[in-house]
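Reading through the structure tokens given below for one structure.
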Amino acid sequence: MKYFLILLALSFSLFADSIEWNKDYKTAVEIAKETDKLLFVFITSKNCKFCKKLKETTLKDKNIVKKINETYSSVIVMKDRDTFPPKLNAKATPMLYFLDKDENIIDYSLGYWDVFDFNFVLKDVQKRYLKGMKK
Amino acid sequence: MKNIFLSITILLAAQNLYAYSSKGMKVYKKMCLSCHGSPYRGAKMHTIDEWEEIYEASKTPIKHLHKSDAEALKILDADYFTKKKQSYLKDFLIGNAKDAGSVPGCDGNYCGS
């Protein structure tokens, strides 16, 4: 029984293959502050097929999920529906913003990326964050 | 008649521009892809202003950026990377910079709504 439980726990952690999305922007900011993480804001819109593709392929990749959950407090918001600061503008979607926990913009990324490229997106954000660059 | 000339001129210019940036893309694929991701991703490392700053800061900006990376320098020192190819690359990088309007993975420049 014990082994079964351990195995079960292990398999949950192994298959924790999704990003821990917070329920709204405000909560994501609170969690970022509490856990000293950065913020990842995914702006989507109605009938946005590349948002769906990004969310269901690249953002399901185990390594990407792990990196994001380790570093970011995440949230998906719907343009023209959900509440989030207007400075996070999105003329097109998917638009991704990476903020520090005080909601300063570190970096942004527009459009769909596959896993290979998305790793570079994340690397760029880290570089900019370390450099203390704003844009 | 004048209009026909005008449209031919525009067409040729556009084609030229396109060829220019696709030449740059070819250079990118050969010289940069393995370390910086696909061509559009690489170009979107920086905004137009940032690329221009990089290019203003040095005569051989790309080599300069990698001056402490022996592995990259070995690739960038190849004879292939001529002045002409470097200028194709520059046009590609600036033309597809993060804020240049091209959106990867989407139909043309249209991405959702």
Side-chain angles (χ1 to χ4, degrees), chain A residues 42-59 61 63-64 67 76-81 88-98 105-135, chain B residues 21 24-57 61-62 64-69 71-72 75-76 89 92-113:
Chain A
F42 182 144
I43 304 178
T44 178
S45 60
K46 254 194 190 157
N47 306 320
C48 164
K49 64 177 182 195
F50 287 100
C51 300
K52 206 168 157 199
K53 187 172 170 191
L54 184 67
K55 197 175 141 200
E56 287 174 7
T57 61
T58 307
L59 297 186
D61 175 81
N63 273 316
I64 300 272
K67 279 188 196 169
I76 297 188
V77 291
M78 172 87 75
K79 193 179 147 182
D80 302 325
R81 189 195 72 189
L88 307 185
N89 67 356
K91 282 199 198 100
T93 54
M95 183 68 169
L96 313 180
Y97 278 97
F98 301 89
I105 297 172
I106 302 165
D107 205 357
Y108 62 90
S109 173
L110 173 61
Y112 168 80
W113 300 109
D114 64 16
V115 171
F116 176 63
D117 280 342
F118 201 79
N119 276 304
F120 290 104
V121 172
L122 293 178
K123 215 175 108 191
D124 282 359
V125 179
Q126 288 300 323
K127 264 195 305 197
R128 278 173 197 269
Y129 181 58
L130 293 176
K131 264 196 204 156
M133 284 166 78
K134 278 278 162 66
K135 243 188 171 172
Chain B
S21 83
M25 188 195 277
K26 215 167 122 191
V27 178
Y28 180 95
K29 280 186 183 160
K30 210 159 177 152
M31 308 296 293
C32 326
L33 186 137
S34 56
C35 301
H36 291 291
S38 75
Y40 288 111
R41 179 57 228 155
K44 287 174 197 318
M45 260 193 274
H46 288 298
T47 60
I48 297 171
D49 285 355
E50 287 168 354
W51 280 123
E52 284 178 346
E53 244 172 69
I54 287 173
Y55 275 97
E56 271 159 30
I62 300 295
H64 186 75
L65 285 171
H66 301 85
K67 62 179 187 297
S68 51
D69 192 308
E71 200 190 337
I75 295 173
L76 298 173
L89 178 67
F92 174 77
L93 293 173
I94 293 176
N96 293 286
K98 185 149 71 168
D99 52 348
S102 61
V103 180
C106 301
D107 311 328
N109 284 343
Y110 181 74
C111 201
S113 54

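We name chains A, B, ... by the order of the sequence lines, and we start the count at 1 in each one. Excluded from the calculations below are hydrogen atoms, water molecules and symmetry mates; all remaining heavy atoms, backbone and side chain alike, are included.
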Search all heavy atoms of Arg128(A) against all heavy atoms of Met45(B) and return the closest pair with its distance. NH2-O, 2.6 Å
Correct closest heavy-atom pair for Ser38(B) and Trp113(A) would be OG-CZ3, 4.3 Å
To the nearest 0.5 Å, what is the distance between CZ on Arg41(B) and CG on Asp114(A)? 11.5 Å
Could you give the distance from OH (Tyr108(A)) to OG1 (Thr47(B)), rounded to the nearest 0.5 Å? 6.5 Å
Less than 4.0 angstrom from a charged side-chain N to a carboxylate O is my criterion; do Lys44(B) and Asp124(A) meet it? no
All heavy atoms of Phe116(A) vs all of Leu33(B), minimum pair found to be CZ-O, 3.9 Å
Phe120(A) versus chain B, the contacting section by heavy-atom distance below 4.5 Å: both
